[in-house]
**Student:** 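Okay, here's the structure, questions in a sec.
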Amino acid sequence: QVQLVESGGGLMQAGGSLRLSCAGSGRSFINYAIGWFRQAPGQEGELVGGISWNGNRRMYADSGKGRFNISRDNDEKVVYLRMDSLKPEDTGVYYCAAVDAWEWPPSWSAPDYWGQGTQVTVSS
């Protein structure tokens with residue numbers, strides 16, 4: 001069993017930076033790839049990016065390439081999403097999700113566990 005808790009969201013101005021955290025619990029947390037998803041108002045959820053279980057592999061959606069960075073600390077059982085040069089279109093609820101997968105990239109279509117989400121609002 002893995003539990004995920006996101007934090008760090010807030011109201012930001014365009015151009016600013018924000019770091020979201022995804023705190024995990026459970027001994028098996030380190031075995032999971034972690035993805036960050038965004039649910040924008042009136043839109044389908046989308047994968048923002050993800051990181052492999054050991055932190056050696058990362059991937060980003062085109063919308064975040066060059067601006068977002070995902071990292072993880074397995075000793076602390078936390079995964080971070082650093083977002084720079086924020087844009088209004090980054091607004092949404094951000095969720096982290098755990099995928100039990102050793103291959104890369106994993107299938108992000110059906111994560112095993114989800115967090116409760118944290119709201120990010122970027123004003124222009």
**Student:** Give a yes or no on whether the ring-centroid distance for Trp36 and Phe68 is below 6.0 angstrom.
**Tutor:**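 So the answer is no for these two rings.
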
**Student:** Ile51, Val78: one ILVMFWY side-chain cluster at the under-4.5 Å cut-off?
**Tutor:**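 No, Ile51 and Val78 fall in different hydrophobic clusters.
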
**Student:** Return yes if some donor-acceptor pair links the side-chain N/O of Asn74 with the main-chain N/O of Trp53 below 3.5 Å, else return no.
**Tutor:**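 Yes: the side chain of Asn74 pairs with the backbone of Trp53.
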
**Student:** Please name the pair of heavy atoms, one in Trp108 and one in Leu47, separated by the smallest distance, quoted to 0.1 Å.
**Tutor:**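 Trp108 and Leu47 have their closest heavy atoms at CD1-CD2, 3.3 Å.
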
**Student:** Indicate yes or no for a side-chain donor-acceptor contact from Thr118 to the backbone of Gly9 under 3.5 Å, with no hydrogens or angles considered.
**Tutor:**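 Yes, because the side chain of Thr118 sits within donor-acceptor range (under 3.5 Å) of the backbone of Gly9.
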
**Student:** Do Tyr80 and Val2 belong to the same hydrophobic cluster, where Ile, Leu, Val, Met, Phe, Trp and Tyr are linked whenever their side-chain heavy atoms lie under 4.5 Å apart, directly or via other members?
**Tutor:**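 Different hydrophobic clusters.
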
**Student:** Any idea which heavy atoms bring Glu46 and Ser63 closest together, and the distance?
**Tutor:**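 It is OE1-OG, 4.5 Å.
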
**Student:** Pick from Val79, Leu4, Asp112: which one makes a side chain to side chain contact (heavy atoms under 4.5 Å, CB included) with Tyr32?
**Tutor:**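 Only one of Val79, Leu4, Asp112 forms a side chain to side chain contact (heavy atoms under 4.5 Å, CB included) with Tyr32, namely Asp112.
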
**Student:** Please answer: with hydrophobic residues joined when any side-chain heavy atoms are less than 4.5 Å apart, are Met83 and Val93 in the same cluster?
**Tutor:**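 No, separate clusters.
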
**Student:** Which atom pairs, one a donor and one an acceptor, fall under 3.5 Å between side chains of residues 16-24 and the rest of the protein, sequence neighbours left out?
**Tutor:**
residue, atom, partner, partner atom, Å
Ser17, OG, Asp84, OD1, 2.7

**Student:** Strictly distance-based, threshold 3.5 Å: is any side-chain N or O of Ser52 a donor or acceptor partner for the main-chain N or O of Pro105?
**Tutor:**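 It does not hold such a pair.
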
**Student:** Taking side chain to side chain donor-acceptor pair (under 3.5 Å) as the definition, give me every residue that meets it alongside Ser107, ordered by chain and number, with sequence neighbours left out.
**Tutor:**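 Ser107 satisfies side chain to side chain donor-acceptor pair (under 3.5 Å) with Ser109 only.
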
**Student:** Between Lys77 (side chain only) and Phe29 (backbone N and O only), is there a donor and an acceptor less than 3.5 Å apart?
**Tutor:**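 Looks like no, no N/O pair under 3.5 Å.
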
**Student:** Can you measure from CG (Leu81) to CD (Glu6) and round to the nearest 0.5 angstrom?
**Tutor:**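 These two atoms lie 10.5 Å from each other.
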
**Student:** Nearest 0.5 angstrom please: Cys96 SG to Tyr113 OH, how far?
**Tutor:**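 If we round to the nearest 0.5 Å, Cys96:SG and Tyr113:OH are 13.5 Å apart.
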
**Student:** Side chains of Thr91 and Glu89: donor-acceptor distance under 3.5 Å anywhere?
**Tutor:**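 No, because no side-chain N or O of Thr91 sits under 3.5 Å from a partner of the opposite role on Glu89.
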
**Student:** Enumerate the residue pairs fulfilling side chain to side chain donor-acceptor pair (under 3.5 Å) with a member in residues 93-104, sequence neighbours excluded, ordered by first and then second residue.
**Tutor:**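 Every pair satisfying side chain to side chain donor-acceptor pair (under 3.5 Å) with a residue in residues 93-104: Arg38-Tyr94.
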
**Student:** Could you tell me which non-hydrogen atom of Ala97 sits nearest to which non-hydrogen atom of Phe37, and how far apart they are?
**Tutor:**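 Closest pair (atom of Ala97, atom of Phe37, distance): CB-CE1, 3.8 Å.
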
**Student:** Is Ile70 reachable from Val99 through a run of hydrophobic residues whose side-chain heavy atoms are each under 4.5 Å from the next?
**Tutor:**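 Unlinked, Val99 and Ile70 end up in two clusters.
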
**Student:** So which atom in Ser124 and which in Ala14 form the shortest heavy-atom distance, rounded to 0.1 Å?
**Tutor:**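 Closest approach of Ser124 to Ala14, heavy atoms only: CA-CB, 4.2 Å.
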
**Student:** Between Lys87 and Asp90, does any NZ, NE, NH1 or NH2 come within less than 4.0 Å of an OD or OE carboxylate oxygen?
**Tutor:**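 Judged by the 4.0 Å cut-off on N to carboxylate O distance, Asp90 and Lys87 do not form a salt bridge.
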
**Student:** Check whether more than 12 heavy atoms from other residues, nucleotides or ligands sit under 6.0 Å from atom CD of Gln3, and answer yes or no.
**Tutor:**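 Open.
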
**Student:** Can Val122 and Gln13 be said to form a side-chain contact (heavy atoms from CB on, under 4.5 Å), step by step?
**Tutor:** CA-CA 5 Å; Val122 183; Gln13 288 193 331; over 6 Å; no

**Student:** Do the side chains of Ile34 and Tyr60 join up, straight or via other hydrophobic residues, at under 4.5 Å, putting them in one cluster?
**Tutor:**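 Both belong to a single hydrophobic cluster.
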
**Student:** Would you say Arg57 has more than 12 foreign heavy atoms packed within less than 6.0 Å of its CZ?
**Tutor:**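 Counting neighbours around CZ of Arg57, 12 or fewer heavy atoms of other residues, nucleotides or ligands fall under 6.0 Å, so no.
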
